[in-house]
Structures are given as structure tokens and as C-alpha cells.
Amino acid sequence: QVQLVESGGDWVQPGGSLRLSCTASKISVSRYIMGWYRQAPGKQREFVADVTSGGRVKYSDFVERRFILSRDNTENTVYLQMNSLKPEDTAVYFCNAVSASFNANYWGQGTQVTVSS
């Protein structure tokens with residue numbers, strides 16, 4: 001029913017860029033905290049960035065000004081522009097939607113990002 005579908009993951013060389021997309025169905029992204037998380041093999045899932053319903057964006061410290069999260073309410077999609085990618089950015093990236101008002105917490109299936117030479 002409710003779906004978060006990520007896309008844009010790929011293999012890139014260090015220093016390259018990718019843009020991840022998360023398109024939601026059956027919910028409005030403007031009414032949720034929309035976040036990006038990532039998980040590398042053998043590691044815990046970690047926070048990358050999110051945006052509140054009011055439009056405030058927050059980034060994890062490791063982003064270091066390299067990533068930009070944006071939201072397109074018309075397209076019902078959130079994006080993660082990833083620049084200056086490093087090998088340590090290699091992970092499955094997951095989209096997340098949270099709403100306290102709706103008592104909801106949704107996850108996408110993830111998209112693989114691989115950064116290597």
C-alpha cells in the first residue's frame with residue numbers, strides 16, 4: 001500500500017556524484033519527516049540526512065557539505081545529491097518516512113551505492 005521506492009544507486013569512482021531519489025505513494029512527503037539512512041555490510045544502519053515537514057534539513061557530520069537533500073512536494077519525491085563520494089560512502093541507502101501525527105514509520109527497500117576505483 002504505502003511505498004517508498006528508492007532509485008539512483010550505482011557504482012562510481014571516488015570523487016564522483018550520484019543523485020538518489022525516493023518517491024512515495026499513498027503518503028505525502030510534505031507531511032512526514034523524510035530521511036536518508038545507509039548501511040554497509042557488517043555495520044549498523046546510520047543516519048545520513050533528513051528534512052522535517054517544515055522544510056528544515058539536517059545532515060550527519062560525515063556528510064561534510066558533500067550531500068544535499070531536497071524535497072519536491074509536487075513530485076512527492078525526496079532527493080539526495082551526493083558529491084565527492086568516498087569509498088567509505090559505499091552502502092545500501094534507505095529512504096525513511098516518519099510521522100508522529102499519523103503514528104507511521106515507513107522504509108524503502110534501499111538502493112546500492114558503491115564507490116571504488
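Since we're looking at a predicted model, the values are computed, not measured.
Within the structure, side-chain hydrogen bond (donor to acceptor under 3.5 Å, both in side chains) contacts touching residues 50-63 (residues at least two apart or in different chains) do not occur. Sequence neighbours left out, not one pair with a member in residues 107-117 passes salt bridge (charged side-chain N to carboxylate O under 4.0 Å, His left out). Counting only residues at least two apart or in different chains, salt bridge (charged side-chain N to carboxylate O under 4.0 Å, His left out) contacts with residues 3-32 are absent. Within the structure, disulfide (SG to SG under 2.5 Å) contacts touching residues 23-67 (residues at least two apart or in different chains) do not occur. Note on residues 97-117: no pairs pass salt bridge (charged side-chain N to carboxylate O under 4.0 Å, His left out), not counting sequence neighbours.
Between L4 and I27, the closest side-chain pair of non-hydrogen atoms falls below 4.5 Å. Using a 4.5 Å cut-off on side-chain heavy atoms (C-beta onward), V12 and M82 make no contact.
Applying the side chain to side chain donor-acceptor pair (under 3.5 Å) criterion to S21, with sequence neighbours excluded, gives no partner residue. Every residue meeting the side chain to side chain contact (heavy atoms under 4.5 Å, CB included) condition with D72, not counting sequence neighbours, appears here in chain and number order: T74, E75, Y79. By the side chain to side chain contact (heavy atoms under 4.5 Å, CB included) test, K43 pairs with A40, sequence neighbours left out. W107 meets the ring-ring contact (aromatic ring centres under 6.0 Å, His included) test with Y37; sequence neighbours excluded.
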Which side-chain N or O atoms in residues 83-101 pair as donor and acceptor under 3.5 Å with protein atoms at least two apart or in another chain?
{"from": "N83", "atom 1": "OD1", "to": "S17", "atom 2": "OG", "distance (Å)": "2.9"}
{"from": "N83", "atom 1": "OD1", "to": "Q81", "atom 2": "NE2", "distance (Å)": "3.0"}
{"from": "K86", "atom 1": "NZ", "to": "E64", "atom 2": "OE1", "distance (Å)": "3.0"}
{"from": "D89", "atom 1": "OD1", "to": "R38", "atom 2": "NH1", "distance (Å)": "2.8"}
{"from": "D89", "atom 1": "OD1", "to": "R66", "atom 2": "NH2", "distance (Å)": "3.1"}
{"from": "D89", "atom 1": "OD2", "to": "R66", "atom 2": "NH1", "distance (Å)": "2.6"}
{"from": "D89", "atom 1": "OD2", "to": "K86", "atom 2": "N", "distance (Å)": "2.7"}
{"from": "T90", "atom 1": "OG1", "to": "P87", "atom 2": "O", "distance (Å)": "2.9"}
{"from": "T90", "atom 1": "OG1", "to": "V115", "atom 2": "N", "distance (Å)": "2.9"}
{"from": "T90", "atom 1": "OG1", "to": "V115", "atom 2": "O", "distance (Å)": "3.3"}
{"from": "Y93", "atom 1": "OH", "to": "R38", "atom 2": "NH1", "distance (Å)": "2.9"}
{"from": "Y93", "atom 1": "OH", "to": "D89", "atom 2": "O", "distance (Å)": "2.7"}
{"from": "N96", "atom 1": "ND2", "to": "N105", "atom 2": "OD1", "distance (Å)": "2.8"}
{"from": "N96", "atom 1": "ND2", "to": "Y106", "atom 2": "O", "distance (Å)": "2.9"}
{"from": "S99", "atom 1": "OG", "to": "S101", "atom 2": "N", "distance (Å)": "3.4"}
{"from": "S99", "atom 1": "OG", "to": "F102", "atom 2": "N", "distance (Å)": "3.0"}

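A pairwise comparison of heavy atoms in F62 and F47 identifies CE2-O, 3.4 Å as the closest pair. Residue V51 comes nearest to L69 through the heavy atom pair CG1-CD2, 3.4 Å, listed as atom of the first residue, atom of the second, then distance.
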Could you walk me through whether L20 and V78 pass side chain to side chain contact (heavy atoms under 4.5 Å, CB included), step by step?
CA-CA 8 Å; L20 307 183; V78 293; over 6 Å; no
